[in-house]
Every structure is written in C-alpha cells, then in structure tokens.
Chemist: 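This is the structure, below, for whatever I ask next.
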Amino acid sequence: MAWDNQTFNSDFILLGIFNYSPTHIFLFSMLLAIFTVAFMGNTAMILLIYLDTQLHTPMYFFLSQLSLMDLMLICTTVPKMAFNSLSGSNSISVVECATQIFLYTSLLGCERFLWAVMAYDRYIAICYPLRYPNLMSPKICGLMAASSWILGSTDCIIDAVATFFFSYCGSREIDHFCDFPSLLIISCNDTLTFEEVLFYCCIIMIVFPVVIIIASYTHVIVAVIHIASGEGHRKVFATCSSHLMVVGIYGTTLFIYMRPASDRSPTQDKMVSVFYTILTPMRNPLIYSLRNKEVARAAMKVLEKGKSGQ
C-alpha cells in the first residue's frame with residue numbers, strides 16, 4: 001500500500017487550548033505552573049528512591065517507574081503546546097504527530113500494566129509476607145517492570161502506523177495536541193471498522209490489568225478482615241490507599257476514551273486528554289508523597305545532607 005502524498009507531506013494545524021485573552025493568559029500560566037510542579041515532583045521522586053537505600057524495595061522501585069512514565073508523559077505534549085502558544089507557530093508534521101501519538105498512548109498503556117503490577121506487589125506483601133523477598137526479588141521486579149513497558153507499547157503501534165495510512169480532509173485542524181481520536185474526526189476514510197478493531201484491542205489491554213487489580217485487592221481485603229488488630233488495619237490501609245486512589249480516579253474517566261468517536265464530543269476528548277496529560281503527572285507524586293511518611297523522611301534526610309555539605 002502506497003502512502004498518500006497529501007497525508008505524508010502536509011502538516012496538521014494545532015489550534016491549541018489558549019488564545020491571548022486575559023483569562024487564557026492566566027490559564028496558560030497555570031499550565032506552566034502545573035508542568036513545573038509535575039516535572040519537579042516526579043524528578044524528585046526518582047532521585048529520592050535512587051539515593052535513599054531504605055527505599056530500595058519493590059514498592060518504591062515500581063513507584064520510580066511510575067514517576068518516570070509520568071515525567072515522559074508530560075514532556076511529550078506540554079512543551080510543544082507551550083512553544084506553539086509562545087511562538088505563534090501552530091503546525092506539526094505527520095511524523096511528529098505519529099511520534100506524539102506513539103509516546104502518549106504507549107505511556108498511558110504502560111501505566112495501566114504498572115498499576116496491575118503494583119497491585120500484585122501489595123497482594124504478595126500482605127498475603128504472603130514471609131515469602132515476599134523471594135517472590136518479589138530484584139530480578140522478578142525488573143522483569144515485571146520491563147513487561148509493563150513492552151505490553152503497554154503494543155496497542156499504540158497500531159495507532160501510530162495508521163496515522164500514515166489515513167487521508168485527511170479539510171483544514172486538518174487538531175484541537176490541542178496529537179491523539180488518535182482527534183485524527184479520526186478529520187479523516188476522509190471510513191474509520192468505522194478500524195474503530196471497532198481498536199475498541200476491542202483497547203478492551204483487551206484494559207481488562208487484563210483491571211482483572212489483576214481487582215483480584216489482588218479482593219485477596220487483600222479478605223486478608224485485612226482476618227487481621228484482628230486495629231493497628232494492622234491502619235497499616236494495610238496506609239499502604240494501599242494511595243494506589244487505590246490513583247486507580248479510582250483513572251477509572252472514572254477511562255470510559256470516555258473507550259467509546260467510539262461517533263459517540264464522543266470534541267469537548268469530551270479535549271478534557272480527557274488535558275486531564276491525563278497535565279493533571280495526572282502532577283497528581284501521582286503528590287498523592288504518593290503527601291500520604292507516605294517514608295518518602296517524607298527520605299526527603300528530609302536528603303535536605304539535611306545538603307545543608308551539612310554546604
């Protein structure tokens with residue numbers, strides 16, 4: 001199949017989410033502030049986990065992987081959005097668009113599988129504490145993290161490749177940044193069959209992690225019921241609540257992306273995309289750090305070392 005010259009040679013137009021009104025200038029400043037918090041928060045989490053040997057455990061190893069994914073996610077789209085807003089340039093090439101789609105969708109997929117791995121880790125830690133060092137050895141943790149990266153990237157390859165094979169009509173305008181639902185709207189092709197295939201692929205990619213998460217926390221809840229002490233209940237809740245909060249927020253908006261493009265409005269797509277791209281990377285380090293005494297202790301330890309070294 002030959003690539004359509006018009007598809008490959010023409011750029012897309014990014015409309016952006018801001019104009020030069022006072023309100024939008026304020027919102028743009030908020031976007032940059034959120035980006036800064038997310039960038040610094042995730043970078044700090046990675047460095048803390050790397051520097052503090054007491055955080056060299058499976059749970060924090062997976063948390064560092066999540067922070068790395070969030071860091072890459074926000075750097076995939078926000079810098080381009082900010083550059084276009086400041087420079088006045090609003091074009092993006094097909095290759096750049098396909099790359100953005102690949103990174104954006106793959107990182108979201110990787111996070112889904114990593115959340116399943118983190119749920120399994122908590123299941124082993126709570127239900128099989130004596131066997132935990134063997135069942136979650138560094139080698140096994142490394143393989144599980146690598147599997148999350150690989151499995152999360154499989155579905156997005158279809159999206160990125162399809163970008164080159166579709167023809168696009170009209171003004172080729174995209175609201176904010178390149179994500180696949182936006183391209184389906186401006187495609188000249190009949191995308192119904194492709195949407196159905198993509199829908200079922202997404203179902204498989206989503207159901208597998210969700211089943212693991214539900215099964216893991218079902219066993220955790222059963223184990224908690226048999227814990228007699230209130231202190232034991234509090235420890236388990238403190239360990240799992242942050243992860244459950246992140247997964248719960250994710251699940252409330254996931255259904256919008258799972259629906260066919262014909263059943264979604266552009267406003268819904270824009271809000272979901274902005275939510276995942278901007279707020280999610282900032283939310284995760286705040287939830288895990290503010291609710292975690294070990295992370296706070298590690299931060300204080302690093303700060304004290306910095307002061308003593310001056």
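When reading the values below, keep in mind they use all heavy atoms of this one structure, side chains included, and skip hydrogens, waters and symmetry mates.
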Chemist: Quick one: closest heavy-atom pair of Leu73 and Tyr104, and the distance?
Modeler: CD1-CD1, 3.6 Å
Chemist: As a quick check of understanding, evaluate side chain to side chain contact (heavy atoms under 4.5 Å, CB included) for Phe62 and Leu66, giving each step before the final call.
Modeler: CA-CA 6 Å; Phe62 295 133; Leu66 181 63; over 6 Å; no
Chemist: How long is the straight-line distance from CD1 of Ile124 back to NE2 of His219, given to the nearest 0.5 Å?
Modeler: 10.0 Å
Chemist: Using 0.5 Å steps for rounding, measure from the CZ atom of Phe113 to the CD1 atom of Ile150.
Modeler: 11.5 Å
Chemist: Check the pair Gln65, Trp149 against side chain to side chain contact (heavy atoms under 4.5 Å, CB included), reporting the backbone distance first and the verdict last.
Modeler: CA-CA 9 Å; Gln65 295 295 299; Trp149 285 93; 2.9 Å; yes
Chemist: Show the nearest heavy-atom pair for residues Ala116 and Ile213, with the distance to one decimal.
Modeler: CA-CG1, 3.7 Å
Chemist: Answer yes or no: is there a donor N or O on one side and an acceptor on the other, between the side chain of Thr154 and the main chain of Leu151, under 3.5 Å?
Modeler: yes
Chemist: Can you find a pair of side-chain heavy atoms, one from Leu32 and one from Ser29, that are under 4.5 Å apart?
Modeler: no
Chemist: Are Met72 and Leu108 connected in the hydrophobic side-chain network, where two residues link if heavy atoms are under 4.5 Å apart?
Modeler: yes
Chemist: Rounded to the nearest 0.5 Å, what's the gap from CZ on Arg112 to CG on Leu107? Could you check?
Modeler: 11.0 Å
Chemist: Stepwise, does the side chain to side chain contact (heavy atoms under 4.5 Å, CB included) test hold for Asp121 with Met136?
Modeler: CA-CA 7 Å; Asp121 170 68; Met136 299 300 293; 3.6 Å; yes
Chemist: Angle class for the Tyr123/Tyr128 ring planes (parallel below 30°, perpendicular above 60°, tilted otherwise)?
Modeler: perpendicular
Chemist: Taking Asp52 for the side chain and Leu48 for the main chain, is one N or O donor matched with an acceptor at less than 3.5 Å?
Modeler: no
Chemist: If you look at every heavy atom in Cys110 and Ser153, which pair is closest and at what distance?
Modeler: SG-OG, 4.0 Å
Chemist: Distance from Met59 atom CE to Ser64 atom OG, nearest 0.5 Å?
Modeler: 11.5 Å
Chemist: Determine whether more than 12 heavy atoms belonging to other residues, nucleotides or ligands lie under 6.0 Å from atom OH of Tyr132.
Modeler: yes
Chemist: What distance do Ile140 atom CD1 and Leu135 atom CG have between them, rounded to the nearest 0.5 Å?
Modeler: 6.5 Å
Chemist: Would a single hydrophobic cluster contain both Tyr120 and Leu143, if residues Ile, Leu, Val, Met, Phe, Trp and Tyr are joined by side-chain heavy-atom contacts under 4.5 Å?
Modeler: no
Chemist: Do side-chain atoms of Ser137 reach the backbone of Pro133 as a donor and acceptor pair under 3.5 angstrom?
Modeler: no
